[in-house]
Amino acid sequence: MSVNSLSFLLTTIKSLEANAHPVWVFGGWAEELWQITQPRVHTDIDFLCPAATFEDLDRYIARTNEFQEIQSKRFSHKRAILSEQVMIEFLLVQRSDGTYFTDFFSGQFHLEWPADLFWHRINISGHDLQIASKQALMLYRQHHKQVEQAYLEFLVATDNGVKIASENGEMKNVSLHA
């Protein structure tokens with residue numbers, strides 16, 4: 001059985017909240033809990049993190065032995081950790097003038113979230129969970145290609161390149177600049 005179970009999700013949320021890091025369930029788990037999709041094996045956990053910056057979460061990750069940060073997933077809008085070999089991603093949701101938004105890849109793509117983003121809670125197995133709205137989940141799915149394009153533009157702008165496997169299986173960095 002996968003470690004990334006409903007029980008693991010609930011335990012992770014409880015641990016984060018006990019350490020003053022409230023999160024909203026997002027992504028595949030939120031889609032399943034809203035019954036938008038059928039139950040399935042999950043490869044990761046996605047959370048929305050409402051905050052001006054990741055400073056508090058970064059300090060928490062740095063001081064705990066509970067998680068291991070995934071440095072390759074550290075961006076202006078995202079943090080990722082491993083917990084019991086499960087990847088947990090945090091998506092930063094900021095607020096300005098009453099509007100929630102995420103600036104993906106240092107502003108390469110700006111997404112404004114629906115007003116009901118943080119209004120919902122559901123009770124699962126006696127646990128009260130904060131969960132992203134259905135409208136927010138659909139909006140993100142509709143804009144996922146733009147998020148992917150923003151990532152490519154970010155790589156080009158920062159000349160981070162991509163790693164590809166050579167014929168002998170070794171990984172090498174390839175610049176995206178011509």
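Basis for what follows: all heavy atoms, side chains included, without hydrogens, waters or symmetry-related copies.
Counting only distance, with no hydrogens or angles, the side chain of His144 and the backbone of Tyr140 share no donor-acceptor pair below 3.5 Å.
Contact annotation: the side chain of Leu139 approaches that of Pro114 to within less than 4.5 Å [non-hydrogen atoms, C-beta and beyond]. With contacts defined as side-chain heavy-atom distances shorter than 4.5 Å, the pair Arg79/Arg74 qualifies. Ile70 is listed as a side-chain neighbour of Met87, based on a closest heavy-atom distance under 4.5 Å. Annotation: side chain of Phe54 is not in contact with side chain of Asp56 (no heavy-atom distance under 4.5 Å). Contact check for Gln94 versus His77: no side-chain heavy atoms found under the 4.5 Å cut-off. Looking at heavy atoms from C-beta onward, Asp46 lies out of side-chain contact with Phe90 at the 4.5 angstrom threshold. Phe47 has its side chain within reach of Leu9: a pair of non-hydrogen atoms, C-beta onward, lies under 4.5 Å apart.
The minimum heavy-atom distance linking Ser106 with Phe154 is given by the pair OG-CE1, 3.9 Å. When all heavy atoms of Asp103 and His110 are compared, the closest pair comes out as OD1-ND1, 2.5 Å. Of all heavy-atom pairs spanning Trp34 and Ala132, the tightest one is NE1-O, 2.7 Å. When all heavy atoms of Gln108 and Ala157 are compared, the pair lying nearest together is NE2-CB, 4.2 Å. Shortest non-hydrogen contact noted between Ile88 and Ser83 is CD1-CB, 3.8 Å. The two residues Thr102 and Leu92 make their nearest non-hydrogen contact at OG1-O, 2.8 Å.
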Item to complete: Evaluate side chain to side chain contact (heavy atoms under 4.5 Å, CB included) for Val41 paired with Asn4, printing each intermediate quantity in order.
Response: CA-CA 8 Å; Val41 174; Asn4 192 2; over 6 Å; no
Worksheet entry | side chain to side chain contact (heavy atoms under 4.5 Å, CB included) between Thr43 and Val86, intermediate numbers included | CA-CA 7 Å; Thr43 58; Val86 175; over 6 Å; no
Worksheet item: Passes side chain to side chain contact (heavy atoms under 4.5 Å, CB included), Ile124 versus Ile122? Steps please.
Response: CA-CA 6 Å; Ile124 302 293; Ile122 58 173; 3.8 Å; yes
Practice prompt. Starting from the C-alpha separation in whole Å, work towards a yes-or-no answer on side chain to side chain contact (heavy atoms under 4.5 Å, CB included) for Thr99 and Trp113.
Written response: CA-CA 7 Å; Thr99 301; Trp113 296 100; over 6 Å; no
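No hydrogens or angles considered: nothing links the side chains of Ser133 and Trp119 as a donor-acceptor pair under 3.5 Å.
Partners of Lys73 by salt bridge (Lys or Arg N to Asp or Glu O under 4.0 Å), not counting sequence neighbours, listed by chain and number: Glu89. Remark: Glu31 pairs with Arg40, Arg141 by the salt bridge (Lys or Arg N to Asp or Glu O under 4.0 Å) rule, at least two apart or across chains.
Residues Phe75 and Phe104 place their aromatic rings such that the two centres sit no closer than 6.0 Å. Checked against a 6.0 Å centroid threshold, the rings of Phe118 and Tyr100 count as neighbours.
Counting non-hydrogen atoms of other residues, nucleotides and ligands closer than 6.0 Å to CD of Gln71 gives a total above 12. Annotation: Glu69, atom CD; neighbour count of heavy atoms from other residues, nucleotides and ligands within 6.0 Å is above 12.
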Identify each donor-acceptor pair in which a side-chain atom of residues 19-28 lies under 3.5 Å from a protein atom, sequence neighbours left out, and give them as a table.
residue: Asn19; atom: ND2; partner: Ser15; partner atom: O; Å: 2.9
residue: Asn19; atom: ND2; partner: Tyr60; partner atom: OH; Å: 3.2
residue: His21; atom: NE2; partner: Asn19; partner atom: O; Å: 3.2

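Ring pair His42/Trp29 is parallel by interplanar angle, where below 30° counts as parallel and above 60° as perpendicular.
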